[in-house]
Structures are given as C-alpha cells and as structure tokens.
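Notes follow the structure.
As the structure is a prediction and not an experimental result, all values here were calculated from the model. To find a chain, count down the sequence lines: A is the first, B the second, and so on, and within it residues start at 1.
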Number of protein chains: 2
Amino acid sequence: MSSTRERLVDAMATSLARKGFAGVGVNEILERAQAPKGVLYHHFADGKTGLAIAAIRLSIERITASLTRKRAASADPIEALELWLEGMRQRLEASGFEYGCPLAATALEVHAEQTELRAALAEGFRALQAEVARTIEATGIPAPRALELAVFFVSAYEGALMQARVASDSTLLRGICATLLGLLRAEQRHVIPPPKERP
Amino acid sequence: MSSTRERLVDAMATSLARKGFAGVGVNEILERAQAPKGVLYHHFADGKTGLAIAAIRLSIERITASLTRKRAASADPIEALELWLEGMRQRLEASGFEYGCPLAATALEVHAEQTELRAALAEGFRALQAEVARTIEATGIPAPRALELAVFFVSAYEGALMQARVASDSTLLRGICATLLGLLRAEQRHVIPPPKERP
DNA sequence: TTCTCTCTAGACCGGTCAGTCTAGGGTGGG
DNA sequence: CCCACCCTAGACTGACCGGTCTAGAGAGAA
C-alpha cells in the first residue's frame, strides 16, 4: 500500500512527462491520486512547485536506476544503453506518443524567477548525464571524453524524443538512437583497437 | 506601422518560445500587443489555438528564411550553418536564457486531441529539417544522407538548447554546435576528398 | 482513558483563465 | 451625404486556477 504522499508524487511525475508544469493542474493530480487538497499542502509547504520538484527527483532516480540495472545485467555497456533507450521508446509508444521525458517539458517552460524548480531540473540533467557518462566509461573510453559524449548523447536523444512526440512516429527516434550507438561503438574501437590476427 | 493582427501573432510567437502554449495567457498577449480582447476572436475564430498556429508558422518562416539568407551570403554552407546557430545562441543569451526554440516548449506539452496544433508543429519541424538538409546538400553530400544528417542536427540542437536553458549557461550548447559542425565537415571531406598534391 | 500530534478531509477564497457579446469607430463606395 | 462593412473596443461570463482554513480521524504515549 502506497502512502498518499507517494501517490501524489507519482501522479505529478506522470503528468509532468505528459504536459509539463504549466499544463497540469493540482486538482487533476489530486483526483488521480485520490487525495483531498489539504494533503498536498501538508506534505509540500510550497504546493505545486514543491510537489513538482519531488516528482522531478523521483523521475530522475527511476531513470538512472534503470540504466544502472541494465548496465549490471549486460557485459556490453553499449548494449545496456541500447536496451535502456528501447525501454523508454516503448513507453512513449505505449502511451500514444504522450509520455516523453519527465524533465523536458518543464525545462522549456520554466522561467528565471522559479529558481528552485530550475535548480532541480539542472541537477536532474546533471545526474542523467553523469549516469550515461559512467556507462560510456565502462566501454573503456576515458572519463572526460565519456562525459562529452554523454552530454551529446542526452541532447540528441531529448531532441529526437520531442520530434517523435509531435510526429506521433518513432522512426526518427529509432534512427537517432542507432546513429548514437554507432558513434559510440566507433569511438570504442578507436580507443581499444581489436587484436591483430597473427599469421 | 504593423497591423493589430501582426502584433498579436508576433507577441504569441515570442511567448511560445519563452514558456510554451499552456504557460502563456491570452490576456498577457493582448496587453503586450496593445489590443483588446475582441480583436483576437475577430481574427482567429478558434482563439488561442488559432493564434498559436499562426505564431508557429511565422516563427518557422522567420527561422528558415534566416538560414536561407546566411547560405546566400556565404560561400561555405557549413559556415552559414555556424553563423545561423550563433545567431540563435546569442538570442538565447540576450534574453537571459529564456528565449529558446519557438516550437519546442509547445511540442512537449501538446496532447493528442489538439490535432491542429500538433499538425502545425509537425509541419514546422519538417520545414526546419528540410531547410537544414538543403544547406547540407550544398556541401556536396548527397540528398538522402543530407536529410539524415539534418534530422540528427536538429535533434541535437534542440536538446542542447533545452539543457542550456535550464543551466543558464551556453557552454554546453557551444560544445554541441562545434561537434555537429565537425561531424559535417568530416563527412564532407569524406565525400569530396581534397585534391592530392602532385610532386 | 485522555492527551497529543500527524495526516486526512473538503468547503471555501480571491484571482485569473479562455471565450462571448454588444456597441462603436473609421473608411471606401455609391 | 449615407450606407455598409471591417475592425476595434472592453465589459462581462462561468469555469477553473492554486492556495487557505478549520475540522476531525486515528495511532501512540502516558
């Protein structure tokens, strides 16, 4: 049995991924979590914003944990990344191209005065980049370059996810993922050249 | 002297780039355009949505025209792309990391039932990809591959723009742009090898 | 039992939302 | 001159927004 608080955060996380911060109403969240209004303001002193921040943290925790798990289960880190991307793509498709990145929509509509929300988003992206970078490092690519690649990886993926959403078609997303994984494999081969055949 | 209609569309275009569709209120638009409410519903039968669609079309028209102009002014298409990216980055910086992509924020919060808005966004991205593809083709890279690269280019740029926004820092954006332009130059060299020196 | 404290509960608040309605100004044609 | 028509104008509407407030349920300690 989940607590009311957990149900609230979970409901907010889903809604943020679907329509962003401005697009979602607290009443809608409360209804989905089967909770009255007082509960929200009991658990989160600053209301909608506080709930959104908790939801962002939860989403990032889930998404990075998923990659960690995939990495632990597979000998090839790039394959782990591939499975991870595939999982997220399937969720997008299963939702009728509604469920995108849990941070992206909010990231694009937040404004400068909402400092706490912005900080949570920035921290979320940083954590995401770091987790991807850790996976890339596991291929043998050195750390600084791995981070560079991770940032590039996240950027391209986010952009592709967005375009797949509006097009209601994931072909573009599949293509971008394949290209990204291809780039990583090429870089890996360059770093650790395959053993030469000896006659 | 701009017409009331033009001022409305322009104000909406700016607001969409800053906070997306759900994040902007019509009253705010009307105030910025110095127009009363009746005008909006006179020019746009379906109100906010109609205005947003017009604004999306205007934004895409402007942004593609800007690239066309840069391409006409420069002998090197990749240099044209570079200048274009630089222009957009400067606008982001000048606005205090508020003014991002005019389509992106809306793209991530629109839902399936808003078919017209979604269609306008999809068409916008298609036009943007096509214009970038045209520029890449001008480097000598064949058309199908140029489109592939353009899609990749747009994705990575959108993702980077988003991350730059939340981080209030354009270093990441600069890096991604440099990488993208590097990839294009590498591909161009591969297609048209430089003339060999003859002793 | 009784006191206390955390969490639940929902009526209620002012404000703002998108959108409607009626009236009036201005300009071109007759 | 006057009529017609396009555009401007803003008061107004009901719904919904995020947020507040008071009341009470329930568990644990004494």
Side-chain angles (χ1 to χ4, degrees), chain A residues 1-16 18-56 58 105-106 109-118 120-121, chain B residues 1-16 18-56 58 105-106 109-118 120-121:
Chain A
M1 175 58 192
S2 60
S3 73
T4 309
R5 192 196 144 105
E6 279 167 353
R7 274 181 288 121
L8 280 173
V9 176
D10 192 72
M12 181 54 118
T14 307
S15 286
L16 285 185
R18 285 173 176 268
K19 29 191 173 174
F21 185 70
V24 63
V26 294
N27 296 310
E28 167 196 342
I29 299 286
L30 292 167
E31 196 185 350
R32 225 144 40 77
Q34 286 293 310
K37 215 151 201 184
V39 179
L40 201 167
Y41 294 89
H42 170 75
H43 290 293
F44 302 94
D46 54 348
K48 191 186 181 185
T49 303
L51 178 57
I53 290 172
I56 287 166
L58 174 69
T106 309
E109 64 191 11
V110 82
H111 51 266
E113 296 94 65
Q114 301 169 294
T115 48
E116 287 183 68
L117 193 52
R118 243 195 190 187
L121 288 165
Chain B
M1 175 56 192
S2 62
S3 73
T4 307
R5 193 196 143 106
E6 279 167 353
R7 272 181 288 124
L8 280 172
V9 176
D10 193 70
M12 181 54 117
T14 306
S15 286
L16 286 184
R18 285 174 175 268
K19 31 191 172 173
F21 186 70
V24 63
V26 294
N27 296 311
E28 169 195 339
I29 298 287
L30 291 167
E31 195 185 349
R32 231 148 31 82
Q34 285 294 309
K37 216 152 201 182
V39 178
L40 200 168
Y41 295 89
H42 170 76
H43 290 293
F44 303 94
D46 53 349
K48 192 186 181 185
T49 303
L51 178 57
I53 291 173
I56 287 166
L58 174 69
T106 310
E109 65 190 11
V110 84
H111 49 266
E113 297 93 65
Q114 301 169 294
T115 48
E116 288 182 69
L117 193 52
R118 243 196 190 187
L121 288 165

Given atom [atom1] of [X] and atom [atom2] of [N], what is their separation to the nearest angstrom?
X         : N       : atom1 : atom2 : value
His42(A)  : dT8(C)  : NE2   : C1'   : 9 Å
His43(A)  : dA9(C)  : NE2   : P     : 10 Å
Phe44(B)  : dA18(C) : CZ    : C1'   : 16 Å
Leu30(B)  : dA18(C) : CG    : P     : 9 Å
Leu40(B)  : dG10(D) : CG    : P     : 15 Å
Gln114(A) : dG18(D) : CD    : P     : 13 Å
Glu28(A)  : dA15(D) : CD    : P     : 19 Å
Lys48(B)  : dT16(C) : NZ    : P     : 16 Å

(message) Which heavy atom of Ile56(B) sits nearest to which heavy atom of Ala120(B), and what is that distance?
(response) CG2-O, 4.0 Å
(message) Taking 4.0 Å as the cut-off, does a side-chain nitrogen or oxygen of Asn27(A) come that near to OP1 or OP2 on dC17(D)?
(response) yes
(message) Applying side-chain hydrogen bond (donor to acceptor under 3.5 Å, both in side chains) as the test, list every pair that has at least one member in residues 40-56 of chain B; sequence neighbours left out.
(response) none
(request) Ignoring hydrogens and angles, tell me if any N or O in the side chain of Glu109(A) forms a donor-acceptor pair with the backbone of Ala22(B) under 3.5 Å. (result)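 Not confirmed, Glu109(A) side chain does not pair with Ala22(B) backbone.
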Please tabulate the protein-to-nucleotide N/O contacts below 3.5 Å involving nucleotides 20-23 of chain D, giving atom names and distances.
none

(request) Name all pairs fulfilling the salt bridge (Lys or Arg N to Asp or Glu O under 4.0 Å) condition that reach into residues 22-36 of chain B, sequence neighbours left out, sorted by first residue then second. (result) Lys19(B)-Glu28(B)
(request) With the side chain of Val26(A) defined as its heavy atoms from C-beta on, choose the nearest nucleotide among dA18(C), dG18(D), dT8(C). (result) dG18(D)
(message) Closest approach to the side chain of Val39(B), judged atom by atom: which nucleotide of dG10(C), dT8(D), dG19(C) is it?
(response)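 Per side-chain heavy atoms of Val39(B), the pick is dT8(D).
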(message) Could you work out, with salt bridge (Lys or Arg N to Asp or Glu O under 4.0 Å) as the rule, every residue matching Arg5(A), not counting sequence neighbours?
(response) none
(request) Could you tell me the separation between the CG atom of Leu58(A) and the CG atom of Leu51(A), rounded to the nearest 0.5 Å? (result)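 Separation between the atoms: 10.5 Å.
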(message) Please evaluate residues Val26(A) and Lys37(A) with respect to the criterion side-chain contact (heavy atoms from CB on, under 4.5 Å), reporting the C-alpha separation (whole Å), side-chain torsions for both, the decisive distance (0.1 Å), and the verdict.
(response) CA-CA 8 Å; Val26(A) 294; Lys37(A) 215 151 201 184; 4.1 Å; yes
